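Some notes on the structure that comes next.
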Protein chains: 2
Amino acid sequence: MPTETPSAGTVTGARALEHPRREDIRLAEVLHALADPMRLRVVRRLAAAHTELNCADIELPVSRSTCTHHFRVLRENGVIQQIYRGTAKMNALRTEDLEALFPGLIDGVLRAAELQADRLGED
Amino acid sequence: MPTETPSAGTVTGARALEHPRREDIRLAEVLHALADPMRLRVVRRLAAAHTELNCADIELPVSRSTCTHHFRVLRENGVIQQIYRGTAKMNALRTEDLEALFPGLIDGVLRAAELQADRLGED
DNA sequence: CTGGAATTACGATGTTCCTCGTACAATGAA
DNA sequence: TTCATTGTACGAGGAACATCGTAATTCCAG
């Protein structure tokens, strides 16, 4: 645990955001990442947007630290990709990777989410 | 908590196995039920069998009580239906309900599981 | 009625998860 | 450099989960 101040050479700003490689993504972990209403909402927003979204663009009724947590779960399980853009951190679905690994899966989940939302009158 | 001996009229053998009604099944809960390797295996076996299966027919590398636990999670989240057949308890996918609620979802998950199994050389 | 086979219930344990609040770090603008 | 914005790290509390072993329940067959 490096409690010491980072050495001058360390570019702490560019923290390495660890993403699993495509071949390391596991179905059970993807499903687990999707099996939470908050995270499902995030994924739906990202899918609807068709672009990267700032964390702040996706309003969640939870605290910011909780928000960070959910985004991390999505990233660590291979569902989204996160990159820094200046002061913000942009999020995007890993559509290509997921489609290559599990064709149709994400679309199926998204469609199911839409249907349920319609049925329950929620968002 | 009825610790007393069941009255004569109570047919304890036919314990009411509680299943959620179709309209109470939630996507996030279904995904959660599927987001476990053991349970995913159960669902794949049931889907491949096209019939009811005894718990004992689905071999899992865990203890019997753990097995019971997983089957219960699947049932309580609306993925399978369980009924007693004499001394055994039969399990079947709730294909109709799931297809009505989330068309294509289960198939998508099953296909994804197949692909991953092929890719990883596992079962 | 007694035994055997199948499964559950119960209790325990250790782990993971969701949530929060507070303090800190990094970037861009004034 | 200072400030505002944005997001992270850390620690903690409470709930849920996965797993087990043992005891109890239920049904069918002698």
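Residue numbering restarts at 1 for every chain, and letters A, B, ... go by the order of the sequence lines. From a predicted model like this one, the values you see are computed outputs, not experimental measurements. Just so you know, these numbers use all the heavy atoms, side chains as well, and skip hydrogens, waters and symmetry mates.
In terms of the salt bridge (charged side-chain N to carboxylate O under 4.0 Å, His left out) criterion, residue partners of R22(B) (sequence neighbours excluded) are, by chain and number, D97(B). For A47(A), the side-chain contact (heavy atoms from CB on, under 4.5 Å) test picks out L93(A), L110(A), with sequence neighbours left out. Applying the side-chain contact (heavy atoms from CB on, under 4.5 Å) rule to S65(A) yields the partners S63(A); only residues at least two apart in sequence or on another chain are considered. Scanning for salt bridge (charged side-chain N to carboxylate O under 4.0 Å, His left out) contacts around E114(B) gives R44(B), with sequence neighbours left out. Shown here are the salt bridge (charged side-chain N to carboxylate O under 4.0 Å, His left out) partners of R119(A), two or more places apart in sequence or in another chain: there are none. With sequence neighbours excluded, the residues satisfying salt bridge (charged side-chain N to carboxylate O under 4.0 Å, His left out) with E23(B) are R21(B). Considering only residues two or more places apart in sequence or on other chains, H70(B) meets the side-chain contact (heavy atoms from CB on, under 4.5 Å) condition with D36(B), M38(B), R39(B), T66(B).
Minimum atom distance to the side chain of K89(B) is reached by dT8(C), of the listed dT8(C), dT7(C), dG7(D).
Contacts with DNA chain D (heavy atom under 4.0 Å) in residues 23-40 of chain B: H32(B), D36(B), R39(B), listed by number.
Close to dC20(C), at under 4.0 Å from its OP1 or OP2, lies no side-chain N or O of H69(A). At dT7(C), none of the side-chain N or O atoms of T68(B) fall inside 4.0 Å of OP1 or OP2 (strictly under the cut-off).
Residues in residues 47-73 of chain A take part in these salt bridge (Lys or Arg N to Asp or Glu O under 4.0 Å) pairs, two or more places apart or across chains: E52(A)-R85(A).
Side-chain contacts under 4.5 Å among hydrophobic residues (ILVMFWY), followed directly or transitively, place I83(A) together with M90(A).
At whole-Å resolution of the value, CD in E18(B) and P in dA9(C) are 11 Å apart.
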Nucleotide N/O to protein N/O under 3.5 Å, stretch nucleotides 2-5 of chain D:
none

Pairs: protein N or O with nucleotides 20-22 of chain D N or O, under 3.5 Å:
| from | atom 1 | to | atom 2 | distance (Å) |
| --- | --- | --- | --- | --- |
| dC20(D) | OP2 | S63(B) | N | 2.7 |
| dC20(D) | OP2 | S63(B) | OG | 3.1 |
| dC20(D) | OP2 | T66(B) | OG1 | 2.8 |
| dG21(D) | N7 | S65(B) | OG | 3.2 |
| dG21(D) | O6 | S65(B) | OG | 3.1 |

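Checked by atom type and distance alone, the side chain of E99(B) pairs as donor or acceptor with a backbone atom of G104(B) at under 3.5 Å.
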